[in-house]
Amino acid sequence: MNIALILAAGKGQRFDRNIPKQFVSLNGKPILAYSLDIVEEMEQIDRIVIVTHPAYEQTVREMGEKYKKTVMVCEGGSTRQESVFNALRRMKEMSSFFDASNVLIHDSARPFAKNVFHRVMEKLKTEKAVVPVINTKDTIYVIKNKKVVDIPCRDYLFNVQTPQGFSFSMILDSHAKAAQQKLLAFTDDGSLYAAIQKRQPSIVDGDQMNFKITDKKDRILAEYYLSHGKDLSR
Ligand code: CTP
Ligand code: MG
């Protein structure tokens, strides 16, 4: 069974302090609903888990009721890593109900992820950990204490996106070990997996359009694309 784990427990501090960005509309549809629509339509996805802040649990439950796939809503934590671990543990507790073999972990802040979902799902047929990446457009400097300490070759630098796909037992084990070892600063699951399992995830092509809505300029850009281009959620 393949489960989509949709992360919606963040506060969106860089976006707007009044409302978490996943509930903000893009051309009349909440950002979170874009991801839910994608996974609802994907044949290979069996169930949907949404992680949310308790204050928005009711809102999310109501949104989830519109979907035919079983939607479980669970409580997130104070960091992204904690939110994912909480959800994976809940899924394990409900194993008779979920019986997950693979999980695709996705930031709801990336509404235009359809193509990438399909690529990750395909690769997951033969791999245990799959991460979508795109080559960085900018040159990147490593700066510490206002001093440039390294300028890595741009050809080797890639931005990491979601969804990231994993064997369920492997990523649950990785999160449990990270928590045990008090390694709590991972910002994505691929790097947590790599650090704990001492193995590198497989990669697939991400998509330039699968950008993360982080601040208000990203919303303007997303609405512009939606109004002027193809339907990016397709
Ligand atoms: N997320 C989560 N639980 C947290 C923090 C983040 O589920 N405690 C989710 C967010 O909802 C988002 C994704 O992880 O879909 C990526 O995080 P980010 O873009 O950083 O979103 P926020 O943490 O909400 O935004 P900010 O960092 O600006 O506060
Ligand atoms: Mg954040």
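Ligands are counted one by one from 1 in listed order, and the atoms in each one are counted from 1 as well.
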Problem - Per-atom contacts, ligand 1 versus Gln13 - under 4.0 Å to a heavy atom - result: 25 (O), 26 (P), 28 (O), 29 (O)

Problem - Thr162 side chain to Gln164 backbone, donor-acceptor under 3.5 Å - result: no

Problem - Donor-acceptor pair, side chain of Arg219 and main chain of Ser25, under 3.5 angstrom - result: yes

Problem - Protein heavy-atom partner closest to atom 21 (O) of ligand 1 - residue, atom, separation in Å - result: Lys21 NZ, 3.2 Å

Practice task
Give the residue and atom name of whichever protein heavy atom lies nearest to atom 27 (O) of ligand 1, and the separation in Å to one decimal.
Solution key: Arg14 NH2, 2.9 Å

Practice task
Starting at CG of Asn115, measure out to CG of Asp207 and round the result to the nearest 0.5 Å.
Solution key: 5.5 Å

Practice task
Would you indicate whether the side-chain heavy atoms of Val49 and Ile6 approach each other to under 4.5 Å?
Solution key: no

Problem - Candidate with minimal heavy-atom separation from atom 5 (C) of ligand 1, of Arg17, Glu82, Lys11, Arg80 - result: Arg80

Fill in the blank from the handout: Nearest non-hydrogen contact to atom 8 (N) of ligand 1 from the set Gly76, Gly77, Gly10 belongs to Gly77

Fill in the blank from the handout: With heavy atoms and a 4.0 Å threshold, my read on which part of Arg110 contacts ligand 1 is neither

Exercise for the section: Could you establish whether Pro20 and ligand 1 come within less than 4.0 Å of each other, counting only heavy atoms on the residue side? Expected result: no

Exercise for the section: Measure centre to centre between the rings of His106 and Phe117, then say whether the value is under 6.0 Å. Expected result: yes

Exercise for the section: Report the nearest protein non-hydrogen atom to atom 17 (O) of ligand 1: residue, atom name, distance rounded to 0.1 Å. Expected result: Lys212 NZ, 4.2 Å

Handout entry: Heavy-atom nearest neighbour in the protein, as seen from atom 13 (C) of ligand 1, with distance rounded to 0.1 Å
Key = Asp107 OD1, 3.4 Å

Practice task
Go through ligand 1 atom by atom and flag the ones less than 4.0 Å from a non-hydrogen atom of Ser78.
Solution key: 8 (N)

Handout entry: Protein heavy-atom partner closest to atom 9 (C) of ligand 1 - residue, atom, separation in Å
Key = Leu7 CB, 3.8 Å

Handout entry: Six-ring centre of Tyr34, Lys29 cation under 6.0 angstrom, axis tolerance 45°
Key = yes

Exercise for the section: Record the part of Ala9 in heavy-atom contact with ligand 1 below 4.0 Å; permitted values are side chain, backbone, both and neither. Expected result: both

Practice task
Within a distance under 4.0 Å of any heavy atom of Ser108, pick out the atoms of ligand 1 and give their elements.
Solution key: 15 (O)

Handout entry: Ligand-side contact atoms (ligand 1) for residue partner Ala109, heavy atom cut-off under 4.0 Å
Key = 15 (O)

Handout entry: Ring-face cation of Arg110 near Phe112 (centre distance under 6.0 Å, axis angle within 45°)
Key = no

Problem - Co-membership, hydrophobic cluster, residues Ile134 and Val131, 4.5 Å side-chain - result: no

Problem - side chain to side chain donor-acceptor pair (under 3.5 Å) partner of Arg80, the single match among Asp188, Thr187, Asp107 - result: Asp107

Exercise for the section: Run through Val149, Ile151, Val148 and flag the one making a side chain to side chain contact (heavy atoms under 4.5 Å, CB included) with Val142. Expected result: Val149

Problem - Thr214 near ligand 1 by a heavy-atom separation under 4.0 Å - result: no

Problem - Lys/Arg-Asp/Glu bridge criterion (N-O < 4.0 Å) met for Glu93, Arg90 - result: yes

Practice task
Identify the protein heavy atom lying closest to atom 3 (N) of ligand 1, giving its residue, its atom name and the separation to 0.1 Å.
Solution key: Ser83 OG, 2.7 Å

Handout entry: Heteroatom proximity flag, Gly12 to ligand 1, N/O under 3.5 Å
Key = yes

Handout entry: Test item, His106 contacting ligand 1 (heavy atom, 4.0 angstrom)
Key = no

